[in-house]
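Only a predicted model underlies this, so the values are computations on that prediction, with no experimental measurement involved. For this chain, numbers begin at 1 and follow the sequence in order.
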Amino acid sequence: MTGAPVRTLLLWCPDWPVLAAEIVDGVPATGAVAVLHANRVVACSEAARAEGVRRGLRKREAQARCPRLTVVDHDPGRDARAFEPVVAAVEELAAGVEVVRPGTCALAARGPARYLGGEEAAAERIIEHVAQTCAVESQVGIADGVFAAGLAARAGQVVPPGGAPGFLVGLPVEALGRPALADLLRRLGVRTLGGFAALPAGDVLARFGFDGALAHLLAAGRDHRPLAVRRPPVDLAVTADHDEPIDRVDAAAFAARALAERLHDRLAAHGLACTRLGIEAVTAHGQELHRVWRHDGLLTAVAIADRLRWQLDGWLTGSAGRPGARPTRPTAGIIRLRLVPDGVLARADLQPGLWGETGEERERAHRALSRVQGLLGPEAVVTAVLGGGRSPGDQVRLVPWGDERLPARPGEPTGPARVGELAGSARVGEPTGPARPGGLAGPVRAGGAGGLGRADRSGGAGGLDRSGGPDRGGAASSGRGASPPWPGRLPPPSPAVVLPAPLAATVHDAAGEPVGVSARLQLTAAPARLAVGAARPVEIVGWAGPWPVDERWWSPAEARRRARFQVCLADGAALLLAVESGRWLVEAIYD
């Protein structure tokens, strides 16, 4: 990624979701207004901020700070529809306007600066024109690259050419717009964009991944997007002609979906993905409309359809904005639509996904699986959700496709647990024999076990807490005061196949006598042969265990007491066995 960023002029309308709610729904933006998404504030008016409302607050907390707060649901379609007159006003003075998102648009600064007498004069002229045409307040920033221009617009500054790195050096890392990365950087002691940009690029890529590397480029004042985008071949554009002019939003939405899928399929056939979309329309009176939408990631078929629908809604609705603004509705219905992938990325090097080859997105699988559910019922398509538990079967819950993916038991299958999280949840039996540091909780016979049964050093294989409490479970951990999760759980590695219904088995010793587990969780003899169902016995060449668990002893109806073993057979198979109520069962198979 080399080369100088393009000199960019970016127009930003503060609190645009609030202004869009006023333009479309009539909610007065001068009052205390908050726009909510997923029960959190995503935008608020100046009056609401004066009362202490901030982005990220929950609805209840925002209303507690401002009792007279007016709450509006977030609607991206409404925001895009209301923003269309603003983009049209900017385009009256400059060509090549790109919509970054509703409320923000960008264009190359060179043309307006030369035509209007300089960058500052161009910024003032555009702000004034938008205010007179649409009755909307806006701010303009000019800098090298879209990222720096966006931050400059919030301060209303014109950053000199080549001054983007110096402008960004003192800004906080939250300006990157990546909350998780910003939180991690602050915990690592990196608080400004300058500090982040000073880190070696190779170390950033190794530690934070590809997205962190892109953020590192932005922090250094280098805009990666113009360097990655290329102009596609002409034949990638798709066109749809309509005999009956489209003048209704519902008909436009139907046409948008079909045309978006055609474009996405054509791009997929060439191993490409769209990052910048040109939308062109021709009306029955010959009027030509054109708009370019920009996206931070790769535009899927659904994302293309959404942007086309929003744009058509904005054109056909013809929102005039605030009182005094000029209407933008076309003089006749639309008879031709054309989608032009104005910026694409090669995806030929991507690995084919689970649902098909490169370019076939997951929404197709989602639609297909939803259709199967409609025919056969919700339980016909399920997906696995990992959670807490002591055995592989307990850690997996199957939920219908599309339902909320909540684990059946709290916690994760592996990883450290919080102190007191598992208190009183189970009684874990004492392992047979003395525990060896870093070894197994029970007896082991070598001979090809392949590393099965090596308990983790946190004592996750089960056993009494050193304080003597049976409910805490597990040996003392590394000294950090946290108990391991789900005491009595199996040590790694995890089995590859968990059987939906355990298979009955028999275990014999060298003399041919059945092997059992006593009430004190001790084996009556060393296992020597295993027979699964009616199959012939196979010699056991290695085994580890037992891992005993006495669950829910306080509830007789739900109580469960069993011991588990890992065995390796002479034929190379490795199995997870359990003894419950005197019966041997095969629960899972290791790979």
Please answer whether the main-chain N or O of Gly31 pairs with a side-chain N or O of Ser45 as donor and acceptor at a distance below 3.5 Å. yes
Hey, what do you get for CG (Leu10) to CG (Leu107), rounding to the nearest 0.5 Å? 8.5 Å
Using side-chain heavy atoms (C-beta onward) and a distance below 4.5 Å, is Asp79 in contact with His74? yes
Does any non-hydrogen side-chain atom of Val72 lie less than 4.5 Å from one of Leu36? no
Heavy atoms of Ala219 and Phe196 approach each other most closely as CB-CD2, 3.8 Å
Please tell me if the side chains of Ile126 and Leu9 come closer than 4.5 Å, counting only heavy atoms from C-beta onward. yes
Residues Val99, Val87; criterion side-chain contact (heavy atoms from CB on, under 4.5 Å); working and verdict: CA-CA 8 Å; Val99 181; Val87 182; 4.0 Å; yes
Beyond-backbone contact of Leu184 with Phe208, side-chain heavy atoms, under 4.5 angstrom: yes
Check: His216 side chain, Ala197 main-chain N or O, donor-acceptor pair, under 3.5 Å: yes
Phe83 and Arg101: which non-hydrogen atoms are nearest, and at how many Å? CE2-O, 4.1 Å
Without swapping roles, check the side chain of Thr283 against the backbone of Ala332 for a donor-acceptor pair under 3.5 Å. no
Do Trp12 and Cys105 come within less than 4.5 Å of each other through their side chains, counting heavy atoms only? no
Measure the spacing between CG of Leu57 and CG of Leu69 and express it to the nearest 0.5 Å. 10.0 Å
Give a yes or no on this: more than 12 heavy atoms of other residues, nucleotides or ligands lie within 6.0 Å of atom CZ of Arg336. no
Here the pair of heavy atoms bringing Leu236 nearest to Pro341 is CB-CG, 3.7 Å
Apply side-chain contact (heavy atoms from CB on, under 4.5 Å) to the pair Gln63 and Lys59, showing each step before the final yes or no. CA-CA 6 Å; Gln63 291 176 330; Lys59 176 181 178 180; 3.5 Å; yes
Checking Trp315 against Ile246 for the side-chain contact (heavy atoms from CB on, under 4.5 Å) test, could you report, in this order, the C-alpha distance in whole Å, the side-chain angles of both residues, the deciding distance, and whether it holds? CA-CA 11 Å; Trp315 279 335; Ile246 299 176; over 6 Å; no
Compare all side-chain heavy atoms of Leu337 with those of Leu312 and state whether any distance is below 4.5 angstrom. yes
For Arg186, is the CZ atom crowded, meaning more than 12 foreign heavy atoms sit under 6.0 Å from it? yes
Hey, is NE2 on His290 packed in by over 12 heavy atoms from elsewhere, all under 6.0 Å? yes
As an exercise, state the distance from CZ of Phe254 to CG of Leu259, rounded to the nearest 0.5 Å. 12.0 Å
Would you indicate whether Arg125, at its atom CZ, is surrounded by more than 12 heavy atoms from other residues, nucleotides or ligands within a distance under 6.0 Å? no
More than 12 heavy atoms from other groups under 6.0 Å of CZ on Arg154: yes
Shortest non-hydrogen pair, Ala47 vs Ala32, comes out as CB-N, 3.9 Å
How long is the span from the CD atom in Glu128 to the OG atom in Ser138, to the nearest 0.5 Å? 11.0 Å
Using a cut-off of 6.0 Å, state whether more than 12 heavy atoms not belonging to Asp73 lie near its atom CG. no
What I'd like to find out is whether the side chain of Leu277 reaches to under 4.5 Å of the side chain of Leu263, using heavy atoms alone. yes
Would a distance-only check, ignoring hydrogens and angles, find a side-chain to backbone donor-acceptor pair under 3.5 Å from Thr8 to Val6? yes
Single hit among Val136, Val35, Thr104 for side chain to side chain contact (heavy atoms under 4.5 Å, CB included) with Trp16: Val136
Taking the six-membered ring of Trp310 as reference, does the NZ or CZ atom of Arg81 fall below 6.0 Å from its centre and within a 45° cone about the axis? no
Nearest heavy-atom pair of Cys44 and Val53: which atoms, and what distance? SG-O, 3.8 Å
Any idea which heavy atoms bring Ala89 and Cys134 closest together, and the distance? CB-SG, 4.0 Å
Are any side-chain N or O atoms of Asp75 and backbone N or O atoms of Gly77, one a donor and one an acceptor, separated by less than 3.5 Å? yes
Okay, side chain of Gln139, backbone of Ala153: is any donor-acceptor separation there less than 3.5 Å? yes
To the nearest 0.5 Å, atom NE2 of His242 lies from atom CG of Asp247 at 12.0 Å
Pair Val90-Val130, side-chain contact (heavy atoms from CB on, under 4.5 Å): steps then yes or no: CA-CA 7 Å; Val90 176; Val130 169; 3.8 Å; yes
Can you confirm whether Ile142 sits close enough to Val159 that some side-chain heavy atom of one is under 4.5 Å from a side-chain heavy atom of the other? no
Rounded to the nearest 0.5 Å, how far does CG of Leu181 lie from CD of Glu174? 10.0 Å
Please identify which of these residues, Glu280, Glu91, Glu98, meets the salt bridge (Lys or Arg N to Asp or Glu O under 4.0 Å) condition with Arg291. Glu91
Any ion pair linking Arg309 and Asp313 (charged N to carboxylate O, less than 4.0 Å)? no
Just by modelled atom types, is the Gly162 backbone N or O under 3.5 Å from a matching donor or acceptor in the Asp144 side chain? yes
Say whether, by atom type as modelled, one donor and one acceptor occur between the side chain of Arg65 and the main chain of Gly52 under 3.5 angstrom. yes
Please check if the number of heavy atoms outside Arg40 that lie under 6.0 Å from its CZ is greater than 12. yes
Would a distance-only check, ignoring hydrogens and angles, find a side-chain to backbone donor-acceptor pair under 3.5 Å from Arg262 to Thr239? yes
Within the distance-only criterion (no hydrogens, no angle test), does the side chain of Arg191 pair as donor or acceptor with the backbone N or O of Pro172 below 3.5 angstrom? no
